[in-house]
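Below you'll find the structure, written out as structure tokens, and then a few comments.
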Amino acid sequence: MESAAKGARENGGITIGILPGSSRNEANPYIDIIIPTGLAEARNLVIINTADVVIALPGKYGTLSEMAFCLKVGKPLLSLGAWDISKDIEKFEFPEEAVARAFDLAGK
């Protein structure tokens, strides 16, 4: 997530870190708004509910749970090589394409 935050910030974005722990010190140096939750993996649902669109990257079970929450609550879900679990996920090969589609879906 640090690389994503770095890229977003370097391109003029504001970054938000919804942290699993209770300490603000757990945030990477590229996070502008730090939200420590103390919820551990349960914070994944908070992340999904705050997003307009989600782009999933290859990951482990945390990524899988976030993807499942997206599908459950009806959030647009885009994939860059993440878990292939549903035909309802738009798949992309290049990050630029996924980001452009995310902005389109979010109406930006």
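Keep in mind that what you see is a predicted model, and the values were worked out from it rather than measured. Computed over heavy atoms, backbone and side chain alike; hydrogens, waters and symmetry mates excluded.
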Problem - Verify same cluster id: F103, V53 (apolar side-chain graph, 4.5 Å) - result: yes

Practice task
Say whether L57 and Y30 are linked into one hydrophobic cluster, either directly or through other cluster members, by side-chain heavy-atom distances under 4.5 angstrom.
Solution key: no

Exercise for the section: Check whether I33 and M1 end up in the same hydrophobic cluster, where Ile, Leu, Val, Met, Phe, Trp and Tyr are linked by side-chain heavy atoms less than 4.5 Å apart. Expected result: no

Practice task
Report, as yes or no, whether the 6.0 Å neighbourhood of atom CD on E41 holds more than 12 heavy atoms from other residues, nucleotides or ligands.
Solution key: no

Practice task
Apply salt bridge (charged side-chain N to carboxylate O under 4.0 Å, His left out) to D52 and list each qualifying residue two or more places apart in sequence or on a separate chain.
Solution key: none

Exercise for the section: Without swapping roles, check the side chain of R43 against the backbone of I18 for a donor-acceptor pair under 3.5 Å. Expected result: yes

Exercise for the section: Mark yes or no for whether T15, through its side chain, and R9, through its backbone, hold a donor-acceptor pair below 3.5 Å. Expected result: no

Exercise for the section: Might you confirm whether atom NZ of K75 has over 12 heavy atoms from other residues, nucleotides or ligands at distances under 6.0 Å? Expected result: yes

Practice task
Report yes if some heavy atom in the side chain of E2 is under 4.5 Å from a heavy atom in the side chain of P29; otherwise report no.
Solution key: yes

Exercise for the section: Specify the closest pair of heavy atoms between S22 and G38, including all atoms of both residues, with the distance to one decimal. Expected result: OG-CA, 3.5 Å

Problem - Partner residues of D84 under the salt bridge (charged side-chain N to carboxylate O under 4.0 Å, His left out) criterion, sequence neighbours left out - result: K91

Run the side-chain donor-acceptor check on residues 63-74: report pairs under 3.5 Å with partners two or more places apart or on a different chain.
unit_1 : atom_1 : unit_2 : atom_2 : d
S65    : OG     : N44    : ND2    : 2.8
S65    : OG     : G62    : O      : 2.9

Handout entry: Shared hydrophobic cluster, L80 / I89 (ILVMFWY, side-chain heavy atoms < 4.5 Å)
Key = no

Practice task
Using the rule that two of Ile, Leu, Val, Met, Phe, Trp, Tyr join whenever any of their side-chain heavy atoms come within less than 4.5 Å, decide whether L39 and I35 are in one cluster.
Solution key: yes

Handout entry: Minimum heavy-atom distance between A102 and L78, given as atom pair plus value
Key = N-CD1, 3.7 Å

Practice task
Please report the shortest heavy-atom distance between I31 and I34, naming the atom on each side.
Solution key: CG2-CG1, 3.6 Å

Practice task
For the pair S79 (side chain) and E90 (backbone), establish whether a donor and an acceptor sit closer than 3.5 Å, ignoring hydrogens and angles.
Solution key: no

Problem - E97 side-chain N/O to F92 backbone N/O, donor-acceptor pair under 3.5 Å - result: no

Practice task
Give the minimum heavy-atom separation between G13 and D32, together with the two atoms involved.
Solution key: O-OD2, 3.9 Å

Problem - Shortest non-hydrogen contact between T37 and L19, atoms and distance - result: OG1-O, 2.6 Å

